Amino acid sequence: MKPVRKAVLPVAGLGTRVLPATKVMPKEMLPVFDRPAIHHVVAEARAAGIEHFVFVTGRNKAAIEDYFDTAYELEHTLEAKGKTALLDTLRAELPDPGACSFVRQQAPLGLGHAVWCARDVVGDQPFAVLLPDMLMRAETPCLAQMTAAYGEVGGNIISVQEVPREDVSSYGVIEPGRTRGALIEMTGMVEKPAVADAPSNLMISGRYILQPEIFALLESQTPGAGGEIQLTDAMLSLMRSSPFHALPFEGETFDTGSKTGYLRASAAYGLADPEHGAEVRAILSGLVGR
Ligand code: G1P
């Protein structure tokens, strides 16, 4: 079984749900407490042993590329001022030289199309996909839980999370089969179903381990829900020849796709911060008590 070494991060989205904050700034660069959202996602991938990050970008996303590069002037100034702790943090969290690739999705044709844009950089090996809108917090990070499961069963694994039944139409939803330890064998999946047609309330929560055969299927995938080329539809085709398991993720999921979602994530990351957590708690209770 080939290990999962590369991760695809689709970051081409316009972020219309958080306008005007995203008018000139990519939504992935908005801070979740003290780091851009994308930083948290890359950290999760690194903790799972990912060695290469493939960002699928679009117009207006240059800040992401710069963020994962050295900032010579800034680092030089920090060094001159003796701010070594800050400098060490910046350097320690930077991916290795050559570990980031950027491919361009020229038109917003859907998540499936975005993943397909990464095909040449990923090549013929299993890979992870992390949707940066979804932040996951857990003692063992979500993708690490998934790579551990992948080591046991191989094939394809996607993270899932229970949501209230009335919310299923906003997500992809799986059709669960038998339970196998911590995993659920999947028998189907559907993108953004009507509440009445949803096969479960287990939403596809934004972390995937996929076999490279998905690329050929994405190439001929016709548009689905919302008129977009959907990853879920291609995964359903792949399921005919390659097993799919769902991992109900043990931890907290934050959907930062909305203004209040960002706020919730920021508050939670602030509360969990070892240095500032107590102060954040006092600030939040003070605000609520007004
Ligand atoms: C995408 C996926 C969907 C998944 C969701 C999680 O939808 O297509 O299956 O449940 O992310 O956030 P999007 O949010 O891009 O509409």
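In this text, all values refer to a predicted model and were calculated from it rather than measured experimentally. Numbering of ligands and ligand atoms starts at 1, following listing order. What's counted below: heavy atoms across the whole structure, side chains too, no hydrogens, waters or symmetry copies.
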S.K.: Does ligand 1 have an atom that lies less than 4.0 angstrom from a heavy atom of Met203?
M.R.: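 No; Met203 lies far enough from ligand 1 that no heavy-atom distance drops under 4.0 Å.
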S.K.: Give a yes or no on whether the backbone of Ala144 and the side-chain of Thr147 come within a donor-acceptor separation of less than 3.5 Å.
M.R.: yes
S.K.: Considering only non-hydrogen protein atoms, determine which one is nearest to atom 4 (C) of ligand 1 and report residue, atom name and distance to 0.1 Å.
M.R.: Ile204 O, 3.2 Å
S.K.: Consider ligand 1: state whether an atom of it lies below 4.0 angstrom from any non-hydrogen atom of Leu111.
M.R.: yes
S.K.: Has the side chain of Gln221 got a donor or acceptor atom that lies under 3.5 Å from a matching backbone atom of Ile229?
M.R.: no
S.K.: Show, in sequence, the C-alpha distance, side-chain angles and deciding distance for Glu175 and Thr187, and conclude whether the side-chain hydrogen bond (donor to acceptor under 3.5 Å, both in side chains) test is met.
M.R.: CA-CA 6 Å; Glu175 184 180 284; Thr187 51; 2.7 Å; yes
S.K.: Under 4.0 Å from ligand 1, counting heavy atoms only, is it the side chain of Leu131, its backbone, both or neither?
M.R.: side chain
S.K.: Let me know which of Val8, Val4, Val122, Leu231 forms a side-chain contact (heavy atoms from CB on, under 4.5 Å) with Leu210.
M.R.: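 With Leu210 as partner, side-chain contact (heavy atoms from CB on, under 4.5 Å) holds for just one option, Leu231.
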S.K.: If you count the atoms of ligand 1 from 1 in the order shown, which ones are under 4.0 Å from a heavy atom of Thr232?
M.R.: 9 (O)
S.K.: Please determine, by modelled atom types, if Ser205 and Gln161 share a side-chain donor-acceptor pair under 3.5 angstrom.
M.R.: no
S.K.: Using distance alone, determine whether Gly172 and ligand 1 share an N or O pair under 3.5 Å.
M.R.: yes
S.K.: Answer with side chain, backbone, both or neither: which part of Lys192 has a heavy atom less than 4.0 angstrom from an atom of ligand 1?
M.R.: side chain
S.K.: Look at the aromatic rings of Trp116 and His113 and report parallel, tilted or perpendicular, splitting at 30° and 60°.
M.R.: tilted
S.K.: Which of parallel (below 30°), tilted (30 to 60°) and perpendicular (above 60°) describes His40 and Tyr269?
M.R.: tilted
S.K.: Kindly indicate whether atom 9 (O) of ligand 1 is approached by any protein heavy atom to under 4.0 angstrom.
M.R.: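 Within 4.0 Å of atom 9 (O) of ligand 1, protein heavy atoms are found.
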S.K.: Short list, please: which atoms of ligand 1 are under 4.0 Å from a heavy atom of Met134?
M.R.: 12 (O)
S.K.: Test the Arg207-Phe249 pair against the cation-pi criterion, namely NZ or CZ under 6.0 angstrom from the six-membered ring centroid and within 45° of the ring axis.
M.R.: no
S.K.: Where is the nearest protein heavy atom to atom 2 (C) of ligand 1: which residue, which atom, and how far?
M.R.: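 Ranking protein heavy atoms by distance from atom 2 (C) of ligand 1, first comes Glu191 OE2, 3.5 Å.
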S.K.: Output the list of atoms in ligand 1 that are nearer than 4.0 Å to some heavy atom of Gln230, sorted by atom number.
M.R.: 8 (O)
S.K.: Less than 4.0 Å between atom 15 (O) of ligand 1 and some protein heavy atom, yes or no?
M.R.: no
